[in-house]
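Notes follow once the structure below has been shown.
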Amino acid sequence: MLNKYKISILIITYNQQDVIGRAIESVLIQKDYGLKEIVICDDNSSDSNWDIISDYVNRYPDIIRAYQNMPNLGIYPNCEKLVSLRGDADLYYLLSGDDVLNNGWFKAIQEFIEDNNIDIYNNP
C-alpha cells in the first residue's frame with residue numbers, strides 16, 4: 001500500500017536565498033507520496049531567505065511550518081532546534097537549504113519499505 005508512511009522533511013537554512021526555493025520545490029513535487037509536512041528553521045538570515053520561505057508558508061500553510069531564530073544560533077543549535085520542532089511522522093529526513101531531493105524519492109522509500117517488509121516501528 002503506497003503512501004502508508006507519513007514523511008516529514010526538516011530543512012535547516014541560513015543565507016540561502018538563491019537555492020531555498022529549489023530545495024522546497026524538490027519536496028513539494030513529491031507530496032502525493034506520503035509528505036506530511038516540511039519544517040524549516042532559518043537561522044536569522046541576512047539575505048531574503050526568510051522572505052522566500054514566508055512566501056512558501058503562505059502558499060502551503062497546511063504543509064509548511066517555518067521558524068526564524070532571533071538571534072542567529074549557529075549551525076548546531078539551529079539543528080537541535082529544528083529537530084525539537086519535528087512534529088509527529090513515521091519517517092524524518094533532514095535537508096540543508098541547498099539540498100535537493102530527486103523526483104520519485106518518496107515513492108521509492110515507500111516501495112522499499114513495503115517490498116522488504118520493513119517494520120519501521122520496531123526497535124533495532
Side-chain angles (χ1 to χ4, degrees):
M1 170 194 230
L2 206 51
N3 303 331
K4 179 176 180 180
Y5 304 104
K6 297 300 175 196
I7 303 169
S8 286
I9 301 298
L10 312 176
I11 302 177
I12 183 173
T13 184
Y14 174 72
N15 283 351
Q16 295 175 313
Q17 69 181 13
D18 295 333
V19 291
I20 189 66
R22 183 185 69 181
I24 296 169
E25 289 291 336
S26 79
V27 177
L28 289 171
I29 62 172
Q30 305 188 63
K31 67 183 178 199
D32 294 335
Y33 294 100
L35 177 63
K36 180 175 183 186
E37 68 179 343
I38 302 169
V39 182
I40 304 169
C41 203
D42 174 71
D43 204 14
N44 198 20
S45 293
S46 59
D47 62 5
S48 56
N49 198 45
W50 182 247
D51 296 331
I52 295 165
I53 294 166
S54 296
D55 179 57
Y56 275 97
V57 170
N58 289 332
R59 288 191 281 154
Y60 301 95
D62 296 335
I63 298 174
I64 301 175
R65 288 189 293 129
Y67 303 89
Q68 184 180 40
N69 299 330
M70 297 277 186
N72 178 287
L73 299 178
I75 189 167
Y76 299 114
N78 191 24
C79 279
E80 289 174 5
K81 180 177 178 182
L82 177 62
V83 171
S84 77
L85 298 167
R86 70 184 176 275
D88 184 28
D90 298 312
L91 303 166
Y92 300 92
Y93 195 76
L94 181 63
L95 288 179
S96 293
D98 60 352
D99 290 340
V100 176
L101 291 178
N102 287 331
N103 193 4
W105 185 82
F106 280 24
K107 182 180 179 192
I109 291 297
Q110 298 278 1
E111 289 173 348
F112 182 83
I113 291 169
E114 290 299 310
D115 292 349
N116 293 283
N117 297 312
I118 297 172
D119 179 3
I120 66 165
Y121 305 112
N122 189 13
N123 289 328

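Every heavy atom of this structure was used, including side-chain atoms; hydrogens, water molecules and symmetry mates were not.
In the hydrophobic clustering of this structure, Tyr56 does not group with Ile29; members are Ile, Leu, Val, Met, Phe, Trp, Tyr whose side-chain heavy atoms approach within less than 4.5 Å, directly or through other members. Using a 4.5 Å cut-off between side-chain heavy atoms of Ile, Leu, Val, Met, Phe, Trp and Tyr, with links allowed through other members, Trp50 and Tyr60 fall into the same hydrophobic cluster. When hydrophobic clusters are built by joining Ile, Leu, Val, Met, Phe, Trp and Tyr residues whose side-chain heavy atoms come closer than 4.5 Å, directly or via intermediates, Ile63 is grouped together with Ile52. Neither Leu10 nor Tyr33 shares a network with the other; the hydrophobic side chains, linked directly or stepwise wherever heavy atoms of I, L, V, M, F, W or Y lie under 4.5 Å apart, form separate groups for each.
Applying the salt bridge (charged side-chain N to carboxylate O under 4.0 Å, His left out) rule to pairs touching residues 14-31 yields nothing, sequence neighbours excluded. Sorted by first then second residue, the salt bridge (charged side-chain N to carboxylate O under 4.0 Å, His left out) pairs that include residues 64-77, not counting sequence neighbours, are Glu37-Arg65. Among residues at least two apart or in separate chains, side-chain hydrogen bond (donor to acceptor under 3.5 Å, both in side chains) pairs with a member in residues 73-82 are Asn69-Asn78, Asn69-Lys81.
Legend: residues meeting side chain to side chain donor-acceptor pair (under 3.5 Å) with Asn15, ordered by chain and number and at least two apart, are Ser46. Under the rule for a salt bridge (charged side-chain N to carboxylate O under 4.0 Å, His left out), the partners of Arg59 that lie at least two apart in sequence or sit in another chain are Asp55. The side-chain contact (heavy atoms from CB on, under 4.5 Å) check on Asn116 picks up Phe112, Ile118, with sequence neighbours excluded. The side-chain contact (heavy atoms from CB on, under 4.5 Å) check on Asp90 picks up Tyr5, Lys6, Ile120, Tyr121, with sequence neighbours excluded. Considering only residues two or more places apart in sequence or on other chains, Ala23 meets the side-chain contact (heavy atoms from CB on, under 4.5 Å) condition with none of them. Under the rule for a side chain to side chain donor-acceptor pair (under 3.5 Å), Ser8 has no partner lying at least two apart in sequence or in another chain. When the side-chain contact (heavy atoms from CB on, under 4.5 Å) test is applied to Ser96, the partners found at least two apart in sequence or on another chain are Ile12, Asp98, Asp99. In terms of the ring-ring contact (aromatic ring centres under 6.0 Å, His included) criterion, residue partners of Trp105 (sequence neighbours excluded) are, by chain and number, Tyr93.
Between Lys107 and Asp32, every side-chain heavy-atom pair lies at or beyond the 4.5 Å cut-off. Leu91 has its side chain within reach of Ile113: a pair of non-hydrogen atoms, C-beta onward, lies under 4.5 Å apart. A 4.5 Å side-chain heavy-atom check between Asn49 and Gln16 finds at least one atom pair inside the cut-off.
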* Take Tyr67 and Leu82, measure what side chain to side chain contact (heavy atoms under 4.5 Å, CB included) needs, and give me the verdict at the end. => CA-CA 9 Å; Tyr67 303 89; Leu82 177 62; over 6 Å; no
* Start with the C-alpha distance between Val57 and Ile40, add both sets of side-chain angles, then the distance that settles side chain to side chain contact (heavy atoms under 4.5 Å, CB included), and finish with yes or no. => CA-CA 10 Å; Val57 170; Ile40 304 169; 5.7 Å; no
* Candidate pair Ile11 and Ile53, rule side chain to side chain contact (heavy atoms under 4.5 Å, CB included), full reasoning -> CA-CA 11 Å; Ile11 302 177; Ile53 294 166; over 6 Å; no
* Could you go through the side chain to side chain contact (heavy atoms under 4.5 Å, CB included) check for Phe106 and Val27 one step at a time? => CA-CA 9 Å; Phe106 280 24; Val27 177; 4.2 Å; yes
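Interatomic distance, Ile9 CD1 to Ile64 CD1, rounded to the nearest 0.5 Å: 11.5 Å. To the nearest 0.5 Å, atom OH of residue Tyr14 and atom CG of residue Asp47 are 8.0 Å apart. Distance CD/Gln110 to NZ/Lys4: 10.0 Å, rounded to 0.5 Å. Between atom CG of residue Leu73 and atom CD1 of residue Ile75 there is a gap of 12.0 Å, rounded to the nearest 0.5 Å. One finds the CD1 atom of Ile24 at 12.0 Å from the CG atom of Leu101 (value rounded to the nearest 0.5 Å).
When all heavy atoms of Val100 and Ser26 are compared, the pair lying nearest together is CG1-CB, 3.4 Å. In this structure, Gln17 and Ser48 approach most closely via the heavy-atom pair OE1-OG, 2.6 Å.
Side chain of Asn72 to main chain of Asn44: no donor-acceptor pair is present (N/O by atom type, distance under 3.5 Å, no hydrogens or angles).
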